[in-house]
Amino acid sequence: MEAPQYVAARVQRALAEDERTHELGIRVDVRGEQLFLRGQVTGDERRALIADVAGEAAPGLTVRNEITVMEVRGPGEEEKL
Amino acid sequence: MRELRIAAVGDVHLDESLRGRYRERLDGIEEHADVLLLAGDLTRHGTLEEARVVADEFRDLPIPVIAVLGNHDHHSDLPAEIASMLSEAGITVLHDDATVLDIDGVRLGVVGGKGFGGGYAGKCASDFGEPEIKAFVGHTKRIAERWRVALKELQADRRVVLSHYSPVKDTLHGEPLEIYPFLGSYLLAEAVDAEGADLIVHGHAHAGTEKGVTPGGIRVRNVALPVLGRAYGVYCL
């Protein structure tokens, strides 16, 4: 059986290198038969796409998509330097 | 001398699916800021289609817009084409050079460029060994030297450095230590500390933190959108 560390590394590379995602900021963890994805993205579509690419890179594992969609707020308070 | 209000954001990673979504957050920006700085990674894959969305989101704002590109904007090997598309939309794109704006009689000088990696003092790559390593480190060294020269020649009342990669570790807190050498280089901070500036803004480190300082005491702000969580940060000088 392939070591889970190698599976996680392969998924992380796929997310960075696959032209559908080019996503560098997602944390990938493999625990048993489960593949956990964590991080922040800007929309639902992107969140789903990342799970698709991750699933293809690790067939047989159950993808647990824990990525959150970031809400961008207004500019907020200025900082005086 | 009047206060200058610098708005800044990086890593907006726009593509067609996000068209119009960023623009609506820029409404009324002129009430909050005198200039908007974009700290690279404006696109996802560095394609011209994505660059067109960036140009449309940031064109014709009531305040000047100054940008640098990031590593994502280089992915399709079209940085020059992307830069000219942004220039045509009225955005000043810096490539290891400087621009000076006159804001109500106060000269704001901005030196900027993508920057690059290599790591931080004592734990960094050196210009030694295989040609691939020398090319990696040499790229950062050349950039840092161009920034030093641009700052030395800069005639302005207030001086800001705009980068994509981080010049300091402070603003990387939250990122895994193992990837620090890919997030920035102390050579960038060393060059800025040598010539002086009032503020450095950068992006790239999505999991980092907003506030830091160079060894020479210059304030550094990581304005990557996921770090800010708001449309842009505003810093008053």
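Chain naming here is simple, since letters A, B, ... match the order of the sequence lines and numbering starts at 1 in each. Because only heavy atoms are used, hydrogens play no part in the values below, and waters and symmetry mates are left out as well, while side chains stay in.
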Donor + acceptor pair across side chains of [X], [Y] (<3.5 Å):
X         : Y         : result
His13(B)  : Thr42(A)  : no
Ser185(B) : Thr140(B) : no
His45(B)  : Glu50(B)  : yes

Structural part of [X] lying under 4.5 Å from a heavy atom of chain A:
X        : result
Glu3(B)  : side chain
Ile29(B) : neither
Arg44(B) : both
Asn71(B) : side chain

- [ ] For each of Gln40(A), Arg27(A), Glu23(A), Arg46(A), tally heavy-atom pairs with chain B at distances under 4.5 Å, and name the one with the top tally.
- [x]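 Option with the top pair count is Arg46(A).
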Open item on the list: Testing the basics here: between Ile66(B) and Leu94(B), what is the closest heavy-atom pair and its distance to 0.1 Å?
Closed with: CG2-CD1, 3.7 Å
- [ ] Specify the closest pair of heavy atoms between Ala197(B) and Val192(B), including all atoms of both residues, with the distance to one decimal.
- [x]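 Heavy-atom minimum between the residues: CB-CG1, 3.7 Å.
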Task: Close contacts, residues 220-237 of chain B versus chain A, judged by heavy atoms under 4.5 Å - done: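 Those residues of residues 220-237 of chain B which have a heavy atom under 4.5 Å from chain A are Arg221(B), Leu225(B), Pro226(B), Leu228(B), Gly229(B), Arg230(B), Ala231(B), Tyr232(B), Val234(B), Tyr235(B), Cys236(B), Leu237(B).
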Task: Partner set under side chain to side chain donor-acceptor pair (under 3.5 Å) for Thr43(B), not counting sequence neighbours - done: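 If we apply the side chain to side chain donor-acceptor pair (under 3.5 Å) test to Thr43(B), skipping adjacent residues, the hits are Asp73(B).
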Open item on the list: Consider side chain to side chain donor-acceptor pair (under 3.5 Å). Of His74(B), His72(B), His204(B), Lys114(B), which one does His164(B) pass it with?
Closed with: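 The option that passes is His204(B).
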Task: Test: Asp29(A) and Arg38(A) ion pair at under 4.0 Å - done: yes
